[in-house]
Amino acid sequence: MEGQLEPRIDKILISEAEIQRRVGELAAEISRDYKGRTPTLVSILKGGIIVLTDLMRRLTVLHEIDFMSVSSYDSGTETTGVVRILADLSRNIEGKDVLIVEDIVDSGLTLDYIRHMLLARRPKSLKICTMLDKKARRQVEVPIDYIGFEIPNEFVIGYGLDYKEKYRNLPYVAILVPNE
Ligand code: IMP
């Protein structure tokens with residue numbers, strides 16, 4: 001029955017404890033870097049929400065949050081290279097310190113597109129934080145300021161990342177082998 005066919009989780013790549021420790025370190029670093037400022041954390045839906053909510057609760061600087069929804073992937077495991085804006089930010093970011101908070105940077109196409117679009121709105125600064133960096137797959141260079149973990153070229157799920165919209169809730173990051 002659909003819904004009962006579980007893909008195989010091949011290997012836990014990053015444990016919950018490792019993720020939480022790293023989130024704490026990133027939050028400390030970001031809090032230091034933005035001391036005295038009030039950054040706007042921009043999360044890219046849907047995958048970015050988990051890292052955003054973990055990170056923001058550990059920040060010691062005042063901050064605001066906003067969301068953007070884009071589509072760059074099909075429901076499977078391969079990139080289409082197409083970036084479509086499904087929902088835009090709710091507030092103007094001109095003159096603001098903006099920090100994009102992402103779950104993963106893969107080809108970099110999505111982030112490159114979003115970065116240029118946001119830069120055109122003239123923020124005071126624009127930085128990028130990603131929990132996972134799949135560097136081997138990069139097609140365009142994107143400057144990343146805060147990286148949680150560099151990971152190998154495998155399709156992963158958990159901690160915000162999905163396979164056909166499922167498994168975002170897993171507190172760890174695992175390599176997925178589709179059971180098909
Ligand atoms: P990029 O444009 O290729 O960098 O892709 C960015 C988006 O692709 C991410 O925000 C994810 O939604 C998705 N993605 C990339 N790699 C993975 C993966 O290993 N598992 C799940 N989603 C992924």
Side-chain angles (χ1 to χ4, degrees), residues 3 5-16 18-19 22-23 26 30 40-56 65-89 93 98-120 126-180:
L5 188 65
E6 296 288 319
R8 211 172 80 230
I9 290 176
D10 196 48
K11 181 171 137 198
I12 294 185
L13 198 61
I14 312 169
S15 70
E16 179 173 7
E18 283 176 284
I19 291 175
R22 190 72 187 116
V23 170
L26 288 174
I30 291 167
T40 301
L41 272 47
V42 170
S43 171
I44 315 295
L45 298 172
K46 303 169 190 172
I49 61 160
I50 306 285
V51 53
L52 175 81
T53 52
D54 271 358
L55 190 69
M56 65 187 288
I65 59 169
D66 210 339
F67 298 92
M68 185 169 244
S69 179
V70 303
S71 133
S72 65
Y73 257 64
D74 218 309
S75 51
T77 57
E78 278 307 308
T79 182
T80 61
V82 178
V83 180
R84 227 160 32 102
I85 303 295
L86 305 176
D88 207 341
L89 297 176
I93 55 162
V98 175
L99 177 63
I100 299 175
V101 179
E102 262 283 36
D103 49 358
I104 191 165
V105 183
D106 185 26
S107 70
L109 292 169
T110 314
L111 205 50
D112 185 57
Y113 184 92
I114 292 172
R115 184 172 166 268
H116 284 104
M117 193 179 74
L118 296 187
L119 279 174
L126 180 63
K127 284 189 174 189
I128 295 170
C129 171
T130 186
M131 192 39 131
L132 304 177
D133 184 6
K134 224 193 262 181
K135 230 182 195 145
R137 295 250 309 168
R138 207 56 47 78
Q139 288 179 34
V140 278
E141 265 325 302
V142 192
I144 305 177
D145 303 277
Y146 307 97
I147 298 173
F149 301 92
E150 207 174 293
I151 62 163
N153 185 9
E154 303 274 4
F155 191 83
V156 292
I157 52 166
Y159 204 66
L161 290 160
D162 72 306
Y163 172 69
K164 296 190 176 175
E165 293 299 327
K166 313 290 189 308
Y167 309 103
R168 296 188 194 277
N169 59 310
L170 300 177
Y172 49 81
V173 172
I175 296 173
L176 179 106
V177 178
N179 197 358
E180 289 171 335

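Ligands are counted one by one from 1 in listed order, and the atoms in each one are counted from 1 as well.
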Reported [atom1]-to-[atom2] distance for the pair [X] and [Y], which is rounded to 0.5 angstrom:
X      : Y      : atom1 : atom2 : answer
Arg137 : Leu109 : CZ    : CG    : 9.5 Å
Leu41  : Ile65  : CG    : CD1   : 8.0 Å
Leu118 : Asp88  : CG    : CG    : 8.0 Å
Phe155 : Asp10  : CZ    : CG    : 13.5 Å

Which one holds for [X] and ligand 1: side chain close, backbone close, both close, or neither close, with close meaning a heavy atom under 4.0 Å?
X      : value
Glu154 : backbone
Leu161 : side chain
Asp103 : side chain

Requested in this report: Only heavy atoms count here, so choose which of Ile104, Ile114, Ile157, Thr110 is nearest to atom 14 (N) of ligand 1.
Outcome: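 The nearest heavy atom belongs to Ile104.
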Query - Geometric N/O contact Gly108 with ligand 1, under 3.5 angstrom - result: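 Right, the criterion is met.
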Report summary line: Atoms of ligand 1 under 4.0 Å from any heavy atom of Asp162, numbered from 1 in the order shown, are 21 (C)
Query - Nearest heavy-atom neighbours spanning Ile19 and Pro171 - result: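 In terms of heavy atoms, the two residues are closest at CD1-O, 3.5 Å.
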